[in-house]
Every structure is written in structure tokens, then in C-alpha cells.
Amino acid sequence: MNFVEELRWRGLLHDMMPGTEEALNKGMCAGYIGFDPTADSLHVGSLLQIMTLMRFQKAGHKPFALVGGATGMVGDPSGKSQERNLLSEDILNHNLKGIQAQLERFLDFDCGANSAEIVNNYDWFKNFTFLDFIRDVGKHITVNYMMAKDSVKKRLESEVGMSFTEFSYQLVQGYDFYYLWKHKNCILQMGGSDQWGNIVTGTEFIRRKDGGQAFALTSPLIKKSDGTKFGKTEGGNVWLDAKKTSPYQFYQFWLNASDDDAANYIKIFTFFTEEEINSLITEHQQAPHLRTLQKALATNLTKLVHGEAALETALKTTDFLFGNGSLDFLKSLDNEGVLQVFEGIAQFTISKNEFEAGYDTLTLLADKTSIFPSKGEAKKMIVGGGVSVNREKVPSPEKVFEVSDLINNKFLVAQKGKKNYFLIIVE
RNA sequence: GGGGGGAUUCCAGAGCGGUCAAAUGGGACGGACUGUAAAUCCGUUACUUCGGUUUCGAAGGUUCGAAUCCUUCUCCCCCCA
């Protein structure tokens, strides 16, 4: 199955320029996807693009991952209703390093002709002067053409308007494509559907400047079945960086997908074949409570992103917190073991002296730890029956915890709602 | 330049001198049900030492009492030129 067919059955093909499939079928091609340095880590949303590059490479083509050291300085207006704030260079560099390190995990950089490469567009923009740019690039694309783009049109019609900086963004990105086409023989740019306009500016620029031919291919925006944004939890974004989203939380994110979403995600976010997926879906439908799909997703992706060892820990933690793991299990572990089980879980430390003085639940949960932002909120939730400590519902806000309540003389396990666990360490 | 309208608790949006910590809807969070799902139902949604305390764009003022009235300022929208 070729690359385009693969994307098609997985529902990952939103749009492509005529001739793209034919061009790819002629043999090995080079293609790229750009990643914005808006944060120092990529998130699950970027995972789709990363995996597209992986599929591209598996299909025998040569993938380029572009980090936007230059474009990040400008700010992509696509899909933004407001002008963006510029990032400082320090932050930008920090972010670039972070996402570059992440990208390196996913692609094969040593497999002969189609080895992956990471490029930074700052390298070809840093010495490009403004005058050169408007003469060599600006001259080939009319403002009329640029204004017809959706991302620009919407902003021109709105009250907030658009700065010249963001208006020129598509030219900057368009030139990236030209540069890679010219110097790396890169004939395809891929991306999310919101990137269509920017990508096509690139192919247009290549055509007008050098009479060359290049192609565009986009993937659809992923949405949840209830229409809300993909990739968010109550805690915010789901990041690929283990420091921002622990492997356990990452695993839980996928495990908590609804049935509808899981059936969709399994095609998008795994490398299973069509037959394998169909059999997984059938299996899931026969025994939905086993959540075969969610487990397959969570397991495969945690392993892909964080590695085998982190997956093992995430599974162990999940097993204890949601399985039939009793407190006795925790008690049977030494301190190291407890900390390992709770590795991906928010932790708070308070001193033993303080603890011995005796805190009521409110002080403990809202004052001494930030499990709750205020005592009022903690109280409401305790009264509402939503708070447990050591697996038992806290009967009243006045309940005082003592040394005898500590597991292994050191730990308390607090629970806000059913799924949010916290470890309080007393030492 | 002239005239008019507006800024309310996460969002939308009521309130127009006391009974307003502020209707209603959405979102979020919690509970029940379940499969750590979906749907549904219920509850909570400023802080508090539970006496109170600080909120309705900002600062002053009137009043026993202001989100509500007055003054100035900031920002937004609309109409005319």
C-alpha cells in the first residue's frame, strides 16, 4: 500500500494537490512538515504530524522535520483570531531545543537514502536581509493573492486587524518550501488542514520563481466525537515531555478516550494494519467494558513516546490506583517502591513535626498542599462526598489525620474525585 | 469633528437604590449509574478563623444604604461628517 492510500483509509487525508499521488509513486521523494516553537515541548496534537512523517519514511520516502526558528519569530496567523504576541529570542531558542530533541526520538536518521533530517529555517533566514527578501520573494507573489487566503481574509474583515508581520508570514513559510525544494529536492509539504493556504503559497512561489513543481498534502483536524478540542484534559494540554505530562498521565489520557473516539484514534495514532484494527474493533464491541481499543492506544503510544520502562511504571500505577490494588499492597512496598508507583502523580511534602501537630483535612489539603486552591472549595467537595484519603471517603472537613493514618509511617494517598490522585509525603 | 450605546462573577447575559455574592444558559468540577466510556439525573461554581470580609471597567462623590444615582478617567461598539 502506498503512502497516500495508507493515509486515505486511516482518514488522515484532508486534501492534496492534483498529481501528488502520482509524483510519490514514481519513487523515493523528500517531503517535510514544519513544527512551531510555540512551547518547549510538542503535544499530542503534534503527534499526528510526527506520525505522518513516520509513515512517510516507512513508505520509503525521505522525511524532513522543520523547526521554525525563523517562522516562530513571526507568528503564524492561521486559525488565530487575534494577533499573537512575539516570543523573545531566549524563549524561542529554549523551545527550539526542546522540540528538536523530541523529534529526534521518532524518526530514523540512519537508514541510508531515506534517512530523516531535521532542519531549522533560521539557518537560511538569518542572513537574508529585508531588502533581498522583498526583492527575491515578495516580487513573485501579489498582495491580491496573499489577501485571498482564508487566514488573512478573516482577519482583514475582523475588528482586530492584522499586523504586517503576520501578513507576511505566508511568504516566509512559502520561502521555506522553496529553499527545501531547491536545496534538498523536497517536493512535498504536509501539515494540518489549517496549513493548506501557507503550503500552497509555497508551491505557487516555486512555480512562479523557478517554474518548478511541488505538492501539498494536508490532514484533517482531529476532533472529539462531542465536538470539543482534542488533546486537552482538565489539567490543560497533554504534552509529550514527561516533565510536563507524566507517562502515567499520558497513558491515562488515551485510556480515558470515549468508545467513539478510540475507534477513530486507533486508525490515526497507531501503525496497526487495517485487518488488525478491524479485529480490535470487533473485539472491543464484543466486550466493551474491557476497553480493548483504549488499552491498545494507551499502551502503544506511551511506549512510542516515553519508552518501554516508562510504560511499565504507568501500568503499575494504573493497576494500583484503578485495579484492585489495596492499601495492603502499598504497605507491602518499601518507600522506594511507593514512590515508584506514584512516580507520575502530583506529590506534596510536609514535615513530620508539622504533621504531628495535627491538621484537619481542610488545612492539610488546601493550606499545606495545593490539592485545593482554597479551603472553601475543599470543604464543599468533602461535604459533597468527593474527597478520599487512603481510599476512604473523608467524612467531614474537621477530620484530623494522625501519624497512625500514615502508610509506612510516611505517606497519605489523597483523592479528589475518582481519578485525581495525590501523594502526600510526611518526613 | 458631531451624536448615541456599552463595560456585571470562567464565558454569554439579566439586574437599574435596600429582600444582590448577584437570575438564567453554557462551561468546568463533584456525586449517582456504568466500563476510569457515552447518555441521563443530582449537586457545587468569590474568600473566610463561619463572626464576617472583598466583588459588578478605574478613581472619587451623593445616600442610613449603590452593580444600580452623580463626576472624572480608560477601553469598546454604532450612526453622522
Side-chain angles (χ1 to χ4, degrees), chain A residues 81-83 157-161 223-238 245-266 269 280-299 301-302 311 314-326 341-342 344-346 357-368 370-389 391-400 413-422:
Chain A
S81 59
Q82 296 231 318
E83 183 84 15
E157 284 162 4
S158 83
E159 302 147 7
V160 291
K223 275 199 161 175
K224 294 201 283 183
S225 54
D226 60 8
T228 56
K229 212 176 162 198
F230 165 78
K232 294 263 188 191
T233 63
E234 20 175 310
N237 271 328
V238 178
T245 300
S246 71
Y248 160 76
Q249 290 164 328
F250 186 82
Y251 181 89
Q252 285 289 321
F253 168 74
W254 296 102
L255 196 65
N256 276 303
S258 72
D259 287 7
D260 287 348
D261 287 336
N264 188 25
Y265 296 166
I266 195 87
F269 291 106
L280 279 171
I281 290 177
T282 312
E283 200 181 315
H284 184 276
Q285 282 164 345
Q286 279 162 358
H289 59 283
L290 294 178
R291 290 176 299 154
T292 310
L293 289 173
Q294 284 91 338
K295 280 178 186 160
L297 271 171
T299 308
L301 284 164
T302 308
L311 170 65
L315 284 171
K316 222 187 250 179
T317 309
T318 295
D319 220 41
F320 168 67
L321 296 179
F322 295 101
N324 29 11
S326 64
V341 167
F342 281 85
I345 301 223
Y359 290 127
D360 59 289
T361 316
L362 290 184
T363 312
L364 189 67
L365 299 185
D367 242 28
K368 294 297 154 189
S370 42
I371 293 171
F372 286 96
S374 76
K375 286 189 182 178
E377 194 160 315
K379 187 174 178 178
K380 279 168 202 152
M381 203 174 279
I382 291 170
V383 172
V387 180
S388 299
V389 170
R391 281 281 166 84
E392 279 181 29
K393 284 218 160 127
V394 177
S396 93
E398 286 82 39
K399 159 94 179 161
V400 175
V413 177
Q415 221 174 324
K416 177 165 111 182
K418 257 184 287 201
K419 302 182 193 175
N420 303 299
Y421 283 89
F422 305 85

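We use all heavy atoms of the structure for the numbers below, so side chains are in, but hydrogens, waters and symmetry mates are not. Numbers restart at 1 for each chain; the letters A, B, ... are given by sequence-line order, proteins then strands.
- Across the protein-nucleic acid pair, A:Lys379 atom NZ and B:C50 atom C1' stand 6 Å apart, rounded to whole Å.
- A distance of about 41 Å separates the P atoms of B:G30 and B:C78, rounded to the whole Å.
- In this structure, A:Lys295 reaches neither bases nor backbone, as no heavy-atom distance under 4.0 Å exists between it and the strands shown.
- Here the separation of B:G26 from B:C42, taken at their P atoms, is 12 Å to the nearest Å.
- In this structure, A:Gln294 atom CD and B:A38 atom C1' are separated by 11 Å, rounded to whole Å.
- For the pair A:Asp259 CG and B:U34 C1', the interatomic distance rounds to 11 Å; values are reported in whole Å.
- Taking 4.0 angstrom as the limit, A:Lys393 places none of its side-chain polar atoms (N or O) nearer than this to OP1 or OP2 of B:G31.
- Rounded to whole Å, the distance from CG on A:Leu290 to P on B:U36 is 11 Å.
- For the P atom pair drawn from B:A58 and B:G3, the interatomic distance equals 27 Å after rounding to whole Å.
- A cation-pi arrangement is found for A:Arg391 relative to A:Phe320, the charged atom lying closer than 6.0 Å to the ring centre and inside a 45° cone about the ring normal.
- Closest to the side chain of A:Lys419, from the set B:G30, B:U48, B:A37, is B:A37.
- Distance, A:Ile382 CD1 to B:U44 C1': 14 Å, rounded to whole Å.
- Across all strands shown, B:C75 pairs with B:G6; the Watson-Crick or G-U wobble distances both stay below 3.5 Å.
- In this model, the phosphate group of B:G30 is approached by a side-chain N or O of A:Asn420 to a distance below 4.0 Å at OP1 or OP2.
- Considering only side-chain N and O atoms, A:Thr318 lies nowhere under 4.0 angstrom from the phosphate OP1 or OP2 of B:U36.
- Atom C1' of B:U19 sits at a distance of 14 Å from the matching atom of B:G15, rounded to the whole Å.
- Rounded to a whole angstrom, the distance from the P atom of B:U34 to that of B:G27 is 25 Å.
- Side chain of A:Lys380, nearest nucleotide from B:C47, B:G35, B:G30: B:C47.
- Considering only the side chain of A:Ser258, B:A38 comes nearest among B:A32, B:A38, B:U49.
- Going from the C1' atom of B:U53 to that of B:A21 covers 12 Å, rounded to whole Å.
- Nearest-nucleotide positions on RNA chain B for A:His284 and A:Gly385 put A:Gly385 closer to the 5' end.
- Taking the centre and axis of the six-membered ring of A:Phe422, the NZ or CZ atom of A:Lys416 falls outside the cone set by 45° and 6.0 Å.
- The interatomic distance linking A:Lys418 (NZ) with B:C29 (P) rounds to 14 Å, in whole Å.
- The partner of B:G1, taking Watson-Crick or G-U wobble pairs whose two distances both stay under 3.5 Å, is B:C80.
- In this structure, B:U45 and B:G27 make a Watson-Crick or G-U wobble pair, each of the two defining distances being under 3.5 angstrom.
- Looking at A:Thr361, its side chain never comes within 3.5 Å of a backbone N or O of A:Glu398 through a donor-acceptor pair.
- Summarising the geometry, the separation between CG on A:Asp360 and P on B:C50 is reported as 11 Å, rounded to the nearest angstrom.
- B:G51 takes the syn form, because its glycosidic angle lies no more than 90° either side of 0.
- Using cut-offs of 30° and 60° for the angle between ring planes, the A:Phe230 and A:Phe269 rings count as parallel.
- On the P atoms, B:A12 is 28 Å away from B:C80, given to the nearest whole Å.
- To the nearest angstrom, C1' of B:G35 lies 7 Å from NE2 of A:His289.
- A distance of about 14 Å separates the C1' atoms of B:U9 and B:G57, rounded to the whole Å.
- Residue-to-nucleotide contacts include no donor-acceptor pair under 3.5 Å from the side chain of A:Glu377 to the base of B:U45.
- Atom NZ of A:Lys316 sits in a sparse spot, with 12 or fewer heavy atoms from other residues, nucleotides or ligands closer than 6.0 Å.
- If you check B:C47, B:A37, B:U49 against the side chain of A:Lys375, the one that comes closest is B:U49.
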message = Let's go through A:Glu377 and A:Ser374 carefully: what are the C-alpha distance in whole Å and the side-chain angles of both, what is the deciding distance for side-chain hydrogen bond (donor to acceptor under 3.5 Å, both in side chains) to 0.1 Å, and is it a yes or a no?
response = CA-CA 5 Å; A:Glu377 194 160 315; A:Ser374 76; 4.6 Å; no

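- Across A:Tyr251 and A:Ala314, no two heavy atoms sit closer than the pair CB-CB, 4.1 Å.
- Judged by Watson-Crick or G-U wobble contacts below 3.5 Å, the nucleotide B:A38 has no partner.
- In the set B:C47, B:G35, B:A37, the nucleotide with an atom closest to the side chain of A:Ser374 is B:C47.
- Between A:Gly384 and A:Asn256, the residue anchored nearer the 5' end of RNA chain B, judged by the nucleotide with its closest heavy atom, is A:Gly384.
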